[in-house]
Amino acid sequence: MPELDNAAIARELEVMGDLLEIAGADRFRVLSYRKAANSIRAWPEQLSAMAEQDRLTEVPGVGKRLAASITEMLHHGTFPELEAAKAEYPAGLVELTQVAGVGPTRARQFYDKLGVDSVDALLHAIDSGELGRIGGMGEKTVASIRRGVESFLAHRGRMLLRDALPLAERLAAELLEHPAVLSATPAGSLRRMQETVGDIDIITASEDGPAVMDAVRELPAVARVLGSGETKTSVLTTSGLQVDVRVVAPEQAGAALQYFTGSKEHNIALRQIAKRAGMKVNEYGVFRVDAQGTEVERLGGTTEDEVYELLGFPQTPPPEIRHDTGEIEAALAGTLPRLVEPGDIRGDFHAHTTSTDAHSTLEENRAMAAELGYEYLVVTDHAENLRMVRGMTVPQLEEQWAEVDALNAARGELPYILKGVELNIGADGTVDYAPDVLARFDFCIASLHSGWGEDGEAVTGRLLRAMESLYVDIIGHPTGRIIGRRDPIALDMDSVLARAAETGTIMELNAYPDRLDLSDAHLRLAMQHGVRIAIGTDAHRAEHMRYMRYGVATARRGWVTPDLCLNAQPLDTVRSWLRRNSA
DNA sequence: GCCGTTTTCGGCCCGACTGTTTTCAGTCG
């Protein structure tokens, strides 16, 4: 039985929750499956190991019943309740609920009335006009669902980096344990830290290729072998992702890594440079060629740095920016900026607690911040106007501030806590609380939480209006996008960033893995405007603070430098950057 | 289905927004 990793277990539990919801089960029962899935996804230890020691109930949200179901799943790939649920409604309906505008009720309605059991069938039902003939489905609703379908289809078959990266790292580590494997490195879009990836490429170096190919087929996470030859084996993992593992000779490892990291555009530009210099570069190395283009001499290719060096680069462009969008010219000129890196990060600028809709306490967040080696952290619970999560009232804030003061007073070597809040930008661009209350925070984030249907111009106006307030220090998840689910608002980003630069407003890079908002392209624009960036994980449990790595990766993709990154500053500088303190 | 300074039952996730509904259903966060 192939081994299920935490992501795969979490996914099955989510499917179970979705099917129960479609079937109209008790909503709290549905919720418990989702809570457990969320908790398992962020859990650092593999559940397969914990199950053997009968310790599954240590995971928050996992009780006796779920522990039994998970154990069953680890042994048989499924559990009886899941099979029963799938017998009632096809699992394809779960896919339907992933479409924005379609929830469990509509999924079931579409299935019962039209036999729609997939997103493709839904699109067909929209096109044929069948959907519009169901009661309650007016023109606007159908149009809204169509947009949801289009967004879904544009991202189908791709996996969030959050799910793919830990899997790839684990596979590489497992391969490295094999004596024949000298190195194993994830390449491709994953190494470039793209927000979603379609498959995983791993480059291994070995003197004994066939032994490595054997090892790949034997990996615990392999569900099916798609193909296996002398230099490449393709497998499908239990999480449904395709993995291609290539094996090359040790002296080719750098060239292969460079070649398979891409991007395609970057490599084309590189080969043009080689050709002009009388050389050739491919996945086997860098070569000198004669006038006819025939290989004369192999120059190198053992390491990636060597490949770039032979081609005349004083700097190796970091994988995250290899898109042929200026990095080649800059690296050749030796003017690539130093990009922000994980070691620069001194704190997290967006985290919730049990005071509103999150699952960890302030102290648990601080313990995680300490584990991550931070100097400071923040509390940014939801503000009053967001009633759906019972945002903080002023008396509740005062209670929280007293707690922060007490924790800070007795902190010793522990990180310092800044008093923050996540305000809501209202329909008119105003935010929560009176100015005298806003003045008492160390800083405020202001975010949009409604009005996704408005046009870009209107939302741009709301953001510009919000930036009129001296107490809006940071704009949170500016475009509101959720990858694969909700498109970014079509903001006039140039205007927003220009205004941010004028007012000294900091823009957030929300590091939650399905947001990554601002995106790489917008970040680069922000850098050109000289706008400062604050990376925040938007943690809803302490473990989510580990998502900082996806924020840093996205920052690097957006050419964010430490001197414009709030998280890279010591506490005193952080304070001086906040707008309220700079007037 | 989980959880416990209300501890083995009974609470947990509720209000804004949208569209089509003339009094509310469904989705979303």
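Sequence lines set the chain letters: A, B, ... in the order given, protein chains first and strands last, and positions in each chain run from 1.
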Considering every strand and a 4.0 Å limit on heavy-atom distances, what is the contact class for A:D26: base, sugar-phosphate, or nothing?
base
Using the P atoms only, state how far B:dC12 lies from B:dT7, rounded to an integer number of Å.
15 Å
A:E384: partners by side chain to side chain donor-acceptor pair (under 3.5 Å), with sequence neighbours left out
none
Write down the distance separating the C1' atoms in B:dT20 and B:dG26, rounded off to the nearest Å.
11 Å
Basic-acidic side-chain contact under 4.0 Å: A:R515, A:E508
no
Whole-angstrom distance between B:dG11 and B:dC17, as gauged at atom C1':
28 Å
Could you check which nucleotide pairs with B:dT8 in any of the strands shown, counting Watson-Crick or G-U wobble with both distances under 3.5 Å?
none
Using atom CZ of A:R481 as one end and atom P of B:dG29 as the other, report the distance to the nearest whole Å.
15 Å
Take atom C1' in B:dG29 and the same atom in B:dC13, then report the distance between them in whole Å.
11 Å
Roughly, in whole Å, what's the span from CZ in A:R486 to P in B:dT27?
16 Å
May I ask you to say whether A:R108 pairs ionically with A:E88, meaning some side-chain N is under 4.0 Å from a carboxylate O?
no
Measure from CG on A:L19 to P on B:dG1 and round the result to the nearest Å.
14 Å
Give the rounded distance in Å between these two atoms: CG of A:D487 and C1' of B:dC28.
16 Å
Between B:dT8 and B:dG15, how far apart are the two C1' atoms, rounded to whole Å?
32 Å
Hey, is NZ on A:K113 packed in by over 12 heavy atoms from elsewhere, all under 6.0 Å?
yes
Checking A:H540 now: which residues fulfil side chain to side chain donor-acceptor pair (under 3.5 Å) with it, not counting sequence neighbours?
A:D357
List for me each residue that meets ring-ring contact (aromatic ring centres under 6.0 Å, His included) alongside A:Y376, sequence neighbours excluded, and say none if there are none.
A:F349
Whole Å only: how far is the CG atom of A:L56 from the P atom of B:dC2?
11 Å
Is the count of non-hydrogen atoms from other residues, nucleotides or ligands lying under 6.0 Å from A:E139 atom CD greater than 12?
no
For a quick check of understanding: with a heavy-atom distance under 4.0 Å over all strands, which category does A:R65 fall into, base, sugar-phosphate or nothing?
sugar-phosphate
How many whole angstroms separate atom CG of A:N38 from atom C1' of B:dG1?
16 Å
Is any side-chain heavy atom of A:L161 closer than 4.5 Å to a side-chain heavy atom of A:L190?
yes
Nearest to the side chain of A:R106 - B:dG29, B:dG1, B:dT27?
B:dT27
More 5' along DNA chain B: A:A67 or A:Q109, using each one's nearest nucleotide?
A:A67
Taken to the nearest whole Å, NE2/A:H359 to C1'/B:dG29 is 12 Å
Go through residues 90-104 of chain A and report each residue with a non-hydrogen atom lying under 4.0 Å from DNA chain B, sorted by number.
A:A100, A:G101, A:V102, A:G103, A:P104
A correct 5'-to-3' footprint of nucleotides 13-21 of chain B, with B, S and - meaning base, sugar-phosphate only and no protein heavy atom under 4.0 Å, is BBBS--SS-
Contacts of A:E399 meeting side chain to side chain donor-acceptor pair (under 3.5 Å) (sequence neighbours excluded), chain-then-number -> none
Reckon A:I482 touches a base, only the sugar-phosphate, or nothing at all at heavy-atom distances under 4.0 Å?
sugar-phosphate
Beyond-backbone contact of A:L509 with A:V560, side-chain heavy atoms, under 4.5 angstrom:
no
Distance in angstrom units between A:H540 NE2 and B:dC28 C1', rounded
13 Å
